[in-house]
S.K.: 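This is the structure I have questions about; it appears just below.
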2 protein chains.
Amino acid sequence: MDEEGRRVFRFFNEIGIINQLAGAIFAARLPGGLHVSHFALLNHLVRLGDEKTPLALASAFQVPKTTMTHTLAVLEKRAAIRLAPHPSDGRSKIVFLTDAGRKLHGDAIASMADPIRKITDDLGDGTISDLIPQLEKIRAYLDQNRGI
Amino acid sequence: MDEEGRRVFRFFNEIGIINQLAGAIFAARLPGGLHVSHFALLNHLVRLGDEKTPLALASAFQVPKTTMTHTLAVLEKRAAIRLAPHPSDGRSKIVFLTDAGRKLHGDAIASMADPIRKITDDLGDGTISDLIPQLEKIRAYLDQNRGI
DNA sequence: TGCATCTAGTTCGATATCGCATTACTTAGT
DNA sequence: ACTAAGTAATGCGATATCGAACTAGATGCA
């Protein structure tokens with residue numbers, strides 16, 4: 001691996017550590033024993049719309065179908081989502097957000113406001129948000145090159 | 001949450017997605033059923049030196065002691081590390097890398113060379129590595145503010 | 001020294017993740 | 001229409017993660 005290769009490797013290493021540290025911060029504040037993966041799914045449904053199939057969600061999160069089955073089962077048990085039969089494909093289902101699910105998502109967002117504010121205050125505006133465009137580019141590239 | 005807060009939140013979201021996508025790419029290539037967490041530990045020991053205590057490693061990775069106990073047990077079973085009693089503290093242990101462990105790490109690194117090269121080629125030098133300094137700064141901040 | 005307190009690591013039980021195989025349904029080809 | 005191949009979801013078993021409780025050894029203080 002050449003010099004630039006080692007830097008790229010280092011980049012993913014930093015990404016992993018930041019993800020771990022940030023995950024620990026947020027996980028500790030999520031309401032009602034909500035797991036990060038559960039929140040991530042709620043967030044996806046709120047931001048990008050519900051009425052998705054389980055397989056589409058598994059693909060979006062790059063997790064096996066079985067993992068998504070499990071996550072959906074947990075959120076359904078908490079009444080945060082509702083699973084309805086797919087109207088035109090008897091094998092499939094459609095995931096709907098419930099009002100309780102939207103509220104749970106709102107509560108989770110609110111619970112993160114404090115640490116987010118502190119991070120913003122400490123690091124200064126822009127330190128973090130200036131990086132978003134490049135990260136989006138990298139994320140989009142990786143997303144479009146999954147079999148890599 | 002204000003505008004900058006939402007951007008910071010978005011940043012961590014992008015970090016999480018990139019981590020997930022990159023993790024999937026690397027996990028698929030790790031030799032001998034090696035798990036990402038196992039590789040991460042080997043990488044830490046190779047890069048920053050072995051002869052650490054389990055607790056120090058758990059702290060470095062921000063994982064519970066129990067998780068580290070498990071990870072170390074797996075790597076010890078594979079003879080990638082060796083656990084010796086701590087010379088001055090009877091409660092503790094010292095983790096040593098074995099030759100097999102160093103080789104396993106080398107094999108893992110080699111297995112990632114191809115995707116790393118493709119990513120570098122496709123995105124162009126600097127697209128990724130230019131971000132490292134800022135990410136280091138953010139990582140260091142989060143590392144020093146764990147109880148946040 | 002003696003004892004209360006603290007600390008490193010493990011055990012145990014619960015949940016999350018994931019690969020493999022199965023079931024139910026759809027689609028394609030004849 | 002019938003059958004083969006493909007696809008969506010699930011059941012099951014194995015491993016990873018993690019919190020609570022426990023054990024053994026270290027430390028602080030009278």
Side-chain angles (χ1 to χ4, degrees), chain A residues 16 19-30 32-42 51-78 80-96 146, chain B residues 16 19-30 32-42 51-78 80-96 146:
Chain A
N19 191 59
Q20 176 73 27
L21 293 169
I25 290 170
F26 296 139
R29 301 203 169 227
L30 284 176
L34 202 65
H35 190 276
V36 174
S37 61
H38 306 152
F39 169 74
L41 181 56
L42 284 182
E51 308 195 20
K52 305 278 197 278
T53 68
L55 184 61
L57 294 170
S59 172
F61 283 98
Q62 189 82 343
V63 297
K65 294 180 295 180
T66 53
T67 302
M68 190 49 62
T69 297
H70 175 75
T71 304
L72 291 171
V74 171
L75 287 174
E76 189 183 29
K77 189 167 296 180
R78 295 190 62 145
I81 61 167
R82 191 167 52 81
L83 288 168
H86 193 289
S88 65
D89 188 337
R91 299 166 301 180
S92 190
K93 298 184 172 179
I94 302 278
V95 178
F96 289 90
R146 295 193 173 193
Chain B
N19 190 60
Q20 176 73 27
L21 293 169
I25 290 171
F26 296 139
R29 301 202 169 227
L30 284 176
L34 202 64
H35 191 274
V36 174
S37 62
H38 306 152
F39 169 73
L41 182 56
L42 285 181
E51 308 194 19
K52 305 277 198 277
T53 68
L55 186 60
L57 294 171
S59 171
F61 283 98
Q62 187 83 341
V63 297
K65 295 181 295 181
T66 55
T67 303
M68 190 50 62
T69 297
H70 175 75
T71 304
L72 291 171
V74 171
L75 287 175
E76 190 183 28
K77 189 166 292 180
R78 295 189 63 145
I81 62 167
R82 191 167 52 80
L83 288 169
H86 193 288
S88 66
D89 188 336
R91 298 165 302 179
S92 190
K93 297 184 174 180
I94 304 278
V95 179
F96 288 90
R146 294 192 173 195

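Letters A, B, ... are given to chains in the order of the sequence lines, protein chains preceding strands, and every chain is numbered from 1. All heavy atoms count here, side chains included; hydrogens, waters and symmetry mates do not.
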S.K.: Rounded to the nearest angstrom, tell me the gap between atom NZ in K93(B) and atom P in dA24(D).
M.R.: 14 Å
S.K.: Considering residues at least two apart in sequence or located in another chain, which fulfil the side-chain hydrogen bond (donor to acceptor under 3.5 Å, both in side chains) criterion with S37(A)?
M.R.: H35(A)
S.K.: For the side chain of V74(B), counting heavy atoms from C-beta on, which of dC18(C), dA16(D), dT7(C) is nearest?
M.R.: dA16(D)
S.K.: Using atom CG of L75(A) as one end and atom P of dT17(C) as the other, report the distance to the nearest whole Å.
M.R.: 11 Å
S.K.: Does the S59(B) side chain pair with the main chain of L55(B), one donor and one acceptor, at a distance under 3.5 Å?
M.R.: no
S.K.: In the structure I gave you, are the side-chain heavy atoms of R78(A) and L34(A) within less than 4.5 Å of one another anywhere?
M.R.: yes
S.K.: Between P on dA8(D) and NE2 on H86(A), what's the gap in Å once rounded to a whole number?
M.R.: 10 Å
S.K.: Closer than 4.0 Å, any side-chain N/O of K65(B) to the OP1 or OP2 of dT17(D)?
M.R.: no
S.K.: Using the closest heavy atom to pick a nucleotide of DNA chain C for each, name whichever of G33(A) or S88(A) lands nearer the 5' end.
M.R.: G33(A)
S.K.: Check V36(A) against G23(A) and note the closest heavy-atom contact, atom names and distance.
M.R.: CG2-O, 4.3 Å
S.K.: Treating Q20(A) as the side-chain partner and Q62(B) as the backbone partner, does any N or O pair qualify as donor plus acceptor under 3.5 Å?
M.R.: yes
S.K.: Once you apply a heavy-atom cut-off of 4.0 Å, does H35(B) come out as touching a base, just sugar-phosphate, or nothing?
M.R.: sugar-phosphate
S.K.: Rounding to a whole Å, what distance do you find between R78(B):CZ and dA16(D):C1'?
M.R.: 15 Å
S.K.: For dT17(C), does either OP1 or OP2 sit under 4.0 Å from a side-chain N or O belonging to T71(A)?
M.R.: yes
S.K.: Phosphate oxygens OP1/OP2 of dT17(C): is one of them under 4.0 Å from a side-chain N or O of H70(A)?
M.R.: no
S.K.: Return the value, rounded to whole Å, for the distance between atom NZ of K77(A) and atom C1' of dT15(C).
M.R.: 11 Å
S.K.: DNA chain D: S37(B) or D89(B), which has the more 5' nearest nucleotide?
M.R.: S37(B)
S.K.: For DNA chain C, find the residues of residues 54-61 of chain A with a heavy-atom distance under 4.0 Å and give them by number; none if there aren't any.
M.R.: none
S.K.: Is the phosphate of dT10(D), meaning OP1 or OP2, less than 4.0 Å from a side-chain N or O of T66(A)?
M.R.: no
S.K.: Going by the side chain to side chain contact (heavy atoms under 4.5 Å, CB included) test, name the single residue among I81(B), L57(B), V95(B) that passes it with L41(B).
M.R.: L57(B)
S.K.: Over how many whole Å does the gap from L72(B) atom CG to dA8(C) atom P extend?
M.R.: 15 Å
S.K.: Rounded to whole angstrom units, what separation is found between the CG atom of L41(A) and the C1' atom of dT17(C)?
M.R.: 15 Å
S.K.: For T69(A) and dT10(D), is the shortest distance between a side-chain N/O and OP1 or OP2 below 4.0 Å?
M.R.: yes
S.K.: CD of Q62(B) versus P of dG19(D): gap in Å, rounded?
M.R.: 11 Å
S.K.: Please give me the minimum heavy-atom distance between G16(B) and N19(A), naming the atom from each residue.
M.R.: CA-OD1, 3.3 Å
S.K.: Write down the atom of I94(A), the atom of E51(A), and the distance for their closest heavy-atom approach.
M.R.: CG2-CA, 3.4 Å
S.K.: Measuring from the side chain of R91(B) (C-beta onward, heavy atoms only), which nucleotide among dC18(D), dT26(C), dA8(C) has the closest atom?
M.R.: dA8(C)
